S.K.: 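Attaching a single structure in structure tokens format; questions to follow.
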Amino acid sequence: MRIATWNVNSILPRLPRVLEWLGQTGTDVLCVQELKNTTEAFPVEPVRELGYEVAAYGLGRWNGVAILSKAGLEDVTRGLTGEPRFDGAAEARAIGATCGGVRVWSVYVPNGREPENPHYAYKLEWLAALRATVAAELGAERPFAVLGDFNVAPDDADVWDITAFAGSTHVTPPERAALAALRETGLADVFPRPLKYDHPFTYWDYRAGNFPNNRGMRIDLVYGNAAFTGAVTDSYVDREARKGKGPSDHAPVVVDLAL
DNA sequence: ATGTCGCTATGTTAGCGA
């Protein structure tokens, strides 16, 4: 089974590339983030024509997550248990489903903006709710993984230049501690191969030639339990999908499993 | 580092988020 995660930065303008990529890679289960649209506006038909079932969760112009599967799609859950709101509003940042016996969550963790911004406290609260939701669902038997845009670089090596991140979100100790607490429920980082350079980045800002200069970050992650990681045969970042006309600013992370 | 992209309303350009 091939499972992947991809922040597409709006599903409608990205649809041609997503469809082409699904056809090329034969991905069985794709976790999508940043739909930037409502559940109802998700382009279900063209995805269905490729053989995928779709579970989408979008509330408007921001956020939005989905799971596309041709391995079955059951027990869909929208939102986290005890999920915090921001500025009084619910946001569509998490969706879970069981696909061919594997429980997957597609998550889009809040950005945090700046450490002083209320969005940063919201980010930490959101990660705590993710941990609680995961802890309640985890079992030893069933393969389980949380995939998505975590908006946290787990290690200094996961950004192109740690000195450029002084005072910034994505690298602060509380954010990294929240990831560590998530792993402590029984999950491990499925570390992908880079297809180029020494270190796998998954996101490069559109501006300033960041992609050609490889000024990237590894913030799109796959956290799996032992039943999941024990079945992994390969994992890589498909940086080819960041190239060319009209790409997302994120590349997909692909995981192959002997399941 | 802030050079781009996508979205919406204030609407054919500005402001916001990332």
Side-chain angles (χ1 to χ4, degrees), chain A residues 5-21 31-43 56-66 84-94 106-127 147-154 156-172 175 178 197 199 201-221 237 239-253:
Chain A
T5 180
W6 196 2
N7 178 324
V8 298
N9 186 23
S10 192
I11 188 62
L12 292 179
R14 212 69 58 221
L15 186 64
R17 290 194 61 132
V18 171
L19 295 174
E20 180 184 29
W21 188 86
C31 294
V32 182
Q33 301 87 36
E34 277 212 82
L35 302 180
K36 291 191 174 181
N37 219 323
T38 60
T39 302
E40 294 71 25
F42 191 97
Y57 179 34
L59 294 172
R61 69 182 292 200
W62 304 120
N63 317 307
V65 286
R85 292 168 167 251
F86 184 67
D87 226 7
E91 298 187 322
R93 294 182 175 276
S106 175
V107 302
Y108 179 46
V109 176
N111 175 287
R113 300 176 187 168
E114 303 89 30
E116 311 75 29
N117 194 299
H119 209 258
Y120 178 81
Y122 167 60
K123 179 180 195 173
L124 296 178
E125 291 167 14
W126 199 94
L127 283 165
L147 308 91
D149 178 356
F150 283 73
N151 270 315
V152 180
D156 287 355
D158 291 318
V159 297
W160 80 92
D161 178 7
I162 191 62
T163 65
F165 283 78
S168 297
T169 59
H170 293 58
V171 299
T172 68
E175 290 167 281
Y197 306 114
H199 197 86
F201 295 138
T202 66
Y203 162 82
W204 302 260
D205 196 296
Y206 286 122
R207 294 169 288 187
N210 276 8
F211 180 66
N213 291 299
N214 201 34
R215 289 192 288 262
M217 305 168 72
R218 188 176 76 97
I219 55 177
D220 299 271
L221 308 174
V237 179
R239 69 187 301 284
E240 297 300 310
R242 179 62 177 77
K243 298 180 178 178
K245 190 178 191 307
S248 169
D249 43 3
H250 294 251
V253 180

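All chains are named by letter (A, B, ...) in the order of the sequence lines, taking the proteins before the strands, and each is independently numbered beginning at 1. As the structure is a prediction and not an experimental result, all values here were calculated from the model.
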S.K.: Ignoring backbone atoms, establish whether Ser10(A) has a side-chain N or O less than 4.0 Å from OP1 or OP2 of dC7(B).
M.R.: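 Yes, such a contact exists.
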S.K.: Rounded to the nearest 0.5 Å, what separates atom OG1 in Thr169(A) from atom CD in Glu114(A)?
M.R.: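 That separation rounds to 7.5 Å.
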S.K.: Please list residues of residues 158-167 of chain A whose heavy atoms come under 4.0 Å from any atom in DNA chain B, ordered by number; otherwise none.
M.R.: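 Under 4.0 Å from DNA chain B: Trp160(A).
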S.K.: Roughly how many Å is it from CD in Glu114(A) to P in dT2(B), rounded to a whole number?
M.R.: 16 Å
S.K.: Mind running side chain to side chain donor-acceptor pair (under 3.5 Å) on Asn151(A) and Lys123(A) for me, showing each step along the way?
M.R.: CA-CA 9 Å; Asn151(A) 270 315; Lys123(A) 179 180 195 173; 5.5 Å; no
S.K.: Nearest 0.5 Å, please: how far is CG in Leu124(A) from NE2 in His119(A)?
M.R.: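 These two atoms lie 11.5 Å from each other.
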S.K.: Going from CZ on Phe150(A) to CG on Asp158(A), what distance comes out if it is rounded to the nearest 0.5 angstrom?
M.R.: 13.0 Å
S.K.: Restricting to salt bridge (Lys or Arg N to Asp or Glu O under 4.0 Å), what partner residues turn up for Arg207(A), sequence neighbours left out?
M.R.: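 Partners of Arg207(A) under the salt bridge (Lys or Arg N to Asp or Glu O under 4.0 Å) test: Asp205(A).
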S.K.: Syn or anti for dT10(B), with syn set at within 90° of 0?
M.R.: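 Anti, which is what one calls it when the glycosidic angle falls more than 90° from 0.
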S.K.: Determine the interatomic distance between C1' on dT10(B) and the same-named atom on dC16(B); round to the nearest Å.
M.R.: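 Those two atoms are separated by 12 Å.
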S.K.: Trp6(A) and side chain to side chain contact (heavy atoms under 4.5 Å, CB included): which partner among Asp220(A), Val32(A), Val18(A)?
M.R.: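 Result for side chain to side chain contact (heavy atoms under 4.5 Å, CB included) with Trp6(A): Val18(A).
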S.K.: Do you know which two heavy atoms are closest between Asp149(A) and His250(A), and how far apart they sit?
M.R.: OD2-CE1, 3.2 Å
S.K.: Any protein N or O atoms within reach of nucleotides 14-18 of chain B? Criterion: under 3.5 Å, listing atom names and distances.
M.R.:
{"residue": "dG15(B)", "atom": "N2", "partner": "Arg61(A)", "partner atom": "NH2", "Å": "3.2"}
{"residue": "dA18(B)", "atom": "OP2", "partner": "Arg113(A)", "partner atom": "NE", "Å": "2.7"}
{"residue": "dA18(B)", "atom": "OP2", "partner": "Arg113(A)", "partner atom": "NH2", "Å": "3.4"}

S.K.: dA18(B) and dA1(B): how far apart are their C1' atoms, nearest whole angstrom?
M.R.: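 One C1' to the other, the span is 15 Å.
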S.K.: Say we look at dC7(B) and dT12(B): how far apart would their C1' atoms be, to the nearest angstrom?
M.R.: 15 Å
S.K.: Over how many whole Å does the gap from Ile11(A) atom CD1 to dC7(B) atom P extend?
M.R.: 11 Å
S.K.: When you measure from the centre of the six-membered ring of Phe211(A), is the NZ or CZ of Arg242(A) under 6.0 Å away and within 45° of the axis?
M.R.: yes
S.K.: Without decimals, in angstroms, what is the distance between Asn37(A) CG and dG6(B) C1'?
M.R.: 11 Å
S.K.: Atom NZ of Lys245(A) and atom C1' of dC5(B): how far apart are they, to the nearest Å?
M.R.: 13 Å
S.K.: Does dG6(B) have its OP1 or OP2 closer than 4.0 Å to a side-chain nitrogen or oxygen of Arg14(A)?
M.R.: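 So the side-chain polar atoms of Arg14(A) do come within 4.0 Å of the phosphate oxygens OP1 or OP2 of dG6(B), strictly under.
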S.K.: Which is it for Glu34(A) and Asn63(A) under the side chain to side chain contact (heavy atoms under 4.5 Å, CB included) test, yes or no, and what are the steps along the way?
M.R.: CA-CA 5 Å; Glu34(A) 277 212 82; Asn63(A) 317 307; over 6 Å; no
S.K.: Looking only at atom P, what distance separates dG6(B) and dT2(B), rounded to whole Å?
M.R.: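 Pairwise P distance, dG6(B) against dT2(B), rounds to 22 Å.
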